[in-house]
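Here's the structure, in structure tokens; my notes come after.
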Amino acid sequence: MRFQDSDLLDSGFHASTDMHALWADLRENQPLYRAEPGGGREPFWVVTRHEDVSRVLRSHGEFSSRRGTILCVLDLDTPDIASDNMMADTDPPRHREFREPLNKAFAPPVVATQEKLLRDLSRDLIQSALDADVYDIAHKTMMFPMAVTGTLMGLPPESWERLVELVMMTIAYDDPDYSTGNAQATVRQARHELFEYFQKEYAQRTREDVDPDVIGAMLAMDLSEGPMSQEQVLLNAFVLLIGANVTTPHALCTLMTVMAEHPEQFQAVRENPELRASCLQELLRWSSPVTALMRYAVKDVELHGQTIRAGEPVSAWIGAANRDERVFADPYTFDVTRRPNKHLAFGLGPHYCIGANLAKVGLEIFLDEILDRVETVEIAGEVRHVASHFVPGYKSMPVRFTPRKTEAR
Ligand code: HEM
């Protein structure tokens, strides 16, 4: 597989290329690869094997999150204000000051309060597709996590549609459907509007609110230096919104493609409910909704006979690790019975996804509903990917659903 180093930062390349061929080659022949993207951009290391991706994500003593974790910050200005102030851009022990109180906001009892909403959203989405001949499901899946996080964060429903657009502008700034024409200007505009929006939400809450939503809970949080500042609340609201909304839709859309390609496997899941858990894990491995994450070396690290120097950026490719033949037998086969399934879709270590439980419950409910109501899924038109090197998402996916016969249900 031929590629140029700059391609790794080129969103269009990711949207139009079979990245798996490239990753397989890197895993086998250059497990620690130094990319020199040119154009004044900083060189960065690339790791693709499961073992190395796990080490980079987990080992915060060697690889730090403090300079940002999204690859695009290499060619865009880094929001330094996030370092040590936004959960994702901190290292332990500072990280725990944000993470431990927020864990409670996404703990299983809280997620359980959202189950009815998740079921209603799933039914509504499935019914809309059943009612239409051909239905573009991609946009609707974007509203799915938005409705849940919007509810948990206490955000007014009339703003959800715009919030989804702003989220897409921050991660798919090169995509003509989201870009305002210039990548940097697109990201700046989106961040500006999002922070202005959260500022208004912040102003409507107090530390004394009874039964606070997630933003209210952050207002009441104490860090080692005192109460969480307005800026810190805004940054963490921002990362929660991004974390939920760019990932979950991709898993849902990927479910459409695997149901269309492997109807017999989903029939087996329908008949054997005990397969639902492994099916869901396989969907997460297969979809890998976060393509890559960044870290920066804290000290010199030896890997595969080379030295990553202190301060150098390292990109850990989750999509590649989840197809590593060293860990997964037959990695290019979608298999609902796969066990064990040590995928890294939710990351690993201290930053392991805070919304993993919420995402899993949402996907489980959606899977239940679709297996119950839909006999077959067909991809009924051109599928278009979001141009992004952070998430492999879809922006258009026309589907045709055949209903299950009532007596079969
Ligand atoms: C299928 C859905 C999801 C996937 C695949 C996913 C993936 C990930 C991954 C790979 C990380 C690790 C980041 C790192 O190591 O730097 C992460 C962290 C995070 N995710 Fe998710 N996520 C999903 C859903 C959600 C949801 C629903 C939320 C919101 C509640 C969320 C919010 C976050 C946040 C705030 C972090 C940072 C946690 C920290 O730094 O401690 N994610 N996610």
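When a ligand or atom number is given, it counts from 1 through the structure's own listing order.
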Residue [X] vicinity, atoms of ligand 1 by number, heavy atom under 4.0 Å:
| X | value |
| --- | --- |
| P289 | 5 (C) |
| T248 | 2 (C) |
| G347 | 10 (C) |

Could you grab the distance from atom OG1 of T48 to atom CD1 of I318, nearest 0.5 Å is fine?
->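 Between atom OG1 of T48 and atom CD1 of I318 there are 13.0 Å.
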
Is there a heavy atom in R295 that sits closer than 4.0 Å to ligand 1?
->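 Contact check R295 vs ligand 1: positive.
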
Non-hydrogen atom of H95 closer than 4.0 Å to ligand 1 =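 H95: in contact with ligand 1 (<4.0 Å).
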
Looking only at protein heavy atoms, which one is nearest to [atom], and what is the separation?
| atom | answer |
| --- | --- |
| atom 11 (C) of ligand 1 | F346 O, 3.8 Å |
| atom 12 (C) of ligand 1 | H351 O, 3.4 Å |
| atom 37 (C) of ligand 1 | A88 CB, 4.3 Å |
| atom 30 (C) of ligand 1 | F106 CE2, 3.3 Å |
| atom 38 (C) of ligand 1 | R99 NH1, 3.5 Å |
| atom 27 (C) of ligand 1 | A244 CB, 3.6 Å |

Between [options], flag the one that comes closest to [atom] by a heavy atom.
| atom | options | answer |
| --- | --- | --- |
| atom 34 (C) of ligand 1 | L57, L240, T90, I354 | I354 |
| atom 3 (C) of ligand 1 | T247, L293, V290 | T247 |
| atom 10 (C) of ligand 1 | A345, A292, C353, P249 | A345 |

Going by atom types only, do D335 and T333 share a side-chain donor-acceptor pair under 3.5 Å?
->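 Side chains of D335 and T333: no pair found under 3.5 Å.
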
Side-chain donor-acceptor contact under 3.5 Å, T307 with D300 |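 T307 vs D300: no donor-acceptor pair found between side chains.
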
Thinking salt bridges, do [X] and [Y] make one under a 4.0 Å N-O criterion?
| X | Y | value |
| --- | --- | --- |
| R295 | E62 | no |
| R326 | E51 | no |
| D84 | R94 | no |

Specify the closest pair of heavy atoms between N357 and P108, including all atoms of both residues, with the distance to one decimal.
->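 For N357 versus P108, the nearest heavy atoms are ND2-CA, 3.4 Å.
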
Give the minimum heavy-atom separation between R55 and F63, together with the two atoms involved.
->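 Taking R55 first and F63 second, the nearest heavy atoms are O-CD1, 4.0 Å.
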
Are R323 and W286 in a cation-pi contact, defined as NZ or CZ under 6.0 Å from the six-membered ring centre and within 45° of the axis?
->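 Yes, R323 and W286 form such a contact.
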
